[in-house]
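Written out below as structure tokens is the structure these notes cover.
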Amino acid sequence: MTAQLTGRRTLTRITNKQQLGPDAQVDDKALVFVPTDPALTDPFLALVEDWFSTPGFEWHPHRGLETVTTVIDGVLEHGDNLGHAGALEPGEVQWMTAGHGIIHRELAYRNEHAHVLQMWLNLPAEKKLTPSRYQDLTRTAMPRVHAPGVGIDVHAGTVGGVTGAARTHHPVQGMVATLDPGSSYDLQVAAGHRLFAHVMDGRLLIGGRELHAGQTGWSDPVTAEAAGTATTTLQLAAVDPERRARVMVYSGTPLREPVALGGPFVMNTKAEITKAFADFHSGAFGPVPRLARLAYDR
């Protein structure tokens, strides 16, 4: 209770990513977290790390959620049945609102190499069938926070007075921070947010506990009264004296709604999942695109 009363965030639990290896689509895959118990991670559903060259993820549908894909290395080629197509480079983010229904693909540009982290973010019941949209957060337009020894790419919400470019359907804050050895940063987070901090590289103290690459720390929401403040503080500190640390931190207001999962669809009831499959197969999402691969000079 002392930590909460001072407004300091502590970690509720720490999880480890599970390396799965190659499959028919990817060269390697790791599960950072998956929705085995959606109430524990609400409003976040999954975070998956993929390394792929070919074939990648050809045309497939989604409904009822948002996918947030951060490019770690290589180049991600994408396209959808709304007519969007492009290529994203390291540090860039694709924020896709599936909403009512979308068909898209994610490939390695030139079939060379793409390394990505994709997070599934749930949509509230009243926004499950919202119109679909794409938002590309590019490096040139990425809002950034600079502090001594610290650089932060702000994806969503407001960090250090800097607001991310992503338009969201419910309160979400998201960022990737790079910390030089020995540096630290106090991240302000709404008391009512659930938070995860995934260590991408190096070692950090997060909320007073040391985590290394591949581990994820979770901090559950508290009321403003219990925290003693409406805004809490999560302390991040790089502890390896010889290498930088990098961490993805997202937080959001829990939806506290039923979750029904069905392949690429996330709804509130099994009946809605059945309807999503029926709508897709009947063509309600639109036709599968015939979009060509991005042209490039050989």
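Basis for what follows: all heavy atoms, side chains included, without hydrogens, waters or symmetry-related copies. All values derive from a computational prediction rather than experimental measurement.
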Main-chain N/O of [Y] paired to [X] side chain as donor or acceptor, under 3.5 Å:
X: Asp153; Y: Val176; value: no
X: Arg243; Y: Arg203; value: no
X: Thr163; Y: Thr158; value: no
X: Asn81; Y: Phe285; value: yes
X: Asp42; Y: Arg256; value: yes
X: Thr12; Y: Asp220; value: yes
X: Asp28; Y: Gly21; value: yes
X: Asn268; Y: Pro258; value: yes
X: Gln235; Y: Arg8; value: no
X: Gln94; Y: His78; value: no

With side chain to side chain contact (heavy atoms under 4.5 Å, CB included) as the test, would you mind laying out the steps for Val145 and Met175 before giving the verdict? CA-CA 10 Å; Val145 173; Met175 64 163 218; over 6 Å; no
If you apply the rule side chain to side chain contact (heavy atoms under 4.5 Å, CB included), what do you find for Val172 with His155, and how did you get there? CA-CA 10 Å; Val172 176; His155 300 168; over 6 Å; no
Do [X] and [Y] come close enough that some side-chain heavy atom pair is under 4.5 Å?
X: Val249; Y: Tyr185; value: no
X: Leu20; Y: Val26; value: no
X: Arg63; Y: Asp279; value: yes
X: Val116; Y: Leu88; value: no
X: His198; Y: Phe33; value: no
X: Phe44; Y: Met119; value: yes
X: Leu211; Y: Leu11; value: yes
X: Trp218; Y: Ile14; value: no

Tell me, with the steps shown, if Asn122 and Lys127 meet side chain to side chain donor-acceptor pair (under 3.5 Å). CA-CA 10 Å; Asn122 204 0; Lys127 299 289 184 70; over 6 Å; no
Ignoring hydrogens and geometry beyond distance, is a side-chain donor-acceptor pair present between Thr232 and Arg9 at under 3.5 Å? yes
Side chains of Glu66 and Thr97, donor plus acceptor under 3.5 Å: yes
Steps toward salt bridge (charged side-chain N to carboxylate O under 4.0 Å, His left out) verdict (Glu49, Lys17): CA-CA 9 Å; Glu49 187 169 9; Lys17 76 177 180 182; 2.7 Å; yes
Out of curiosity, does Tyr134 fall in the hydrophobic cluster containing Leu117 (side-chain heavy atoms, cut-off under 4.5 Å, transitive links)? no
Single-linkage hydrophobic cluster Val68~Met142, side-chain heavy atoms < 4.5 angstrom: yes
Approximate separation, where rounding is to 0.5 Å, of [X] [atom1] and [Y] [atom2]:
X: Met248; Y: Thr216; atom1: CE; atom2: OG1; result: 10.0 Å
X: Lys275; Y: Ile273; atom1: NZ; atom2: CD1; result: 12.0 Å
X: His100; Y: Thr130; atom1: NE2; atom2: OG1; result: 10.5 Å
X: Asp27; Y: Thr54; atom1: CG; atom2: OG1; result: 8.5 Å
X: Ser219; Y: Arg194; atom1: OG; atom2: CZ; result: 9.5 Å

Evaluate side chain to side chain donor-acceptor pair (under 3.5 Å) for Asp186 paired with Thr233, printing each intermediate quantity in order. CA-CA 6 Å; Asp186 285 348; Thr233 301; 5.9 Å; no
Apply side chain to side chain contact (heavy atoms under 4.5 Å, CB included) to residues Phe196 and Leu47 and explain how you reach the verdict. CA-CA 10 Å; Phe196 75 82; Leu47 183 63; 3.9 Å; yes
With a 6.0 Å cut-off (strictly less than), is the heavy-atom count around CZ of Arg244, excluding the residue itself, greater than 12? no
Does Arg13 CZ have over 12 foreign heavy atoms under 6.0 Å away? yes
Applying side chain to side chain donor-acceptor pair (under 3.5 Å) to His84 and Asp136, what does each step give before you reach the verdict? CA-CA 10 Å; His84 301 106; Asp136 283 349; over 6 Å; no
Those residues at least two apart in sequence (or on a different chain) that pass ring pair (Phe, Tyr, Trp, His ring centres under 6.0 Å) with His169 are none
Suppose we screen for ring pair (Phe, Tyr, Trp, His ring centres under 6.0 Å). Which residues come up paired with His60, at least two apart in sequence or across chains? His62, His104
Going through the distances and angles, do Thr15 and Gln215 end up as a side chain to side chain donor-acceptor pair (under 3.5 Å)? CA-CA 6 Å; Thr15 57; Gln215 292 188 304; over 6 Å; no
Arg133 vs Ile102, side chain to side chain contact (heavy atoms under 4.5 Å, CB included): CA-CA, chis, key distance, verdict: CA-CA 9 Å; Arg133 70 183 182 198; Ile102 199 167; over 6 Å; no
Who passes side-chain hydrogen bond (donor to acceptor under 3.5 Å, both in side chains) against Thr69, sequence neighbours left out? Gln118
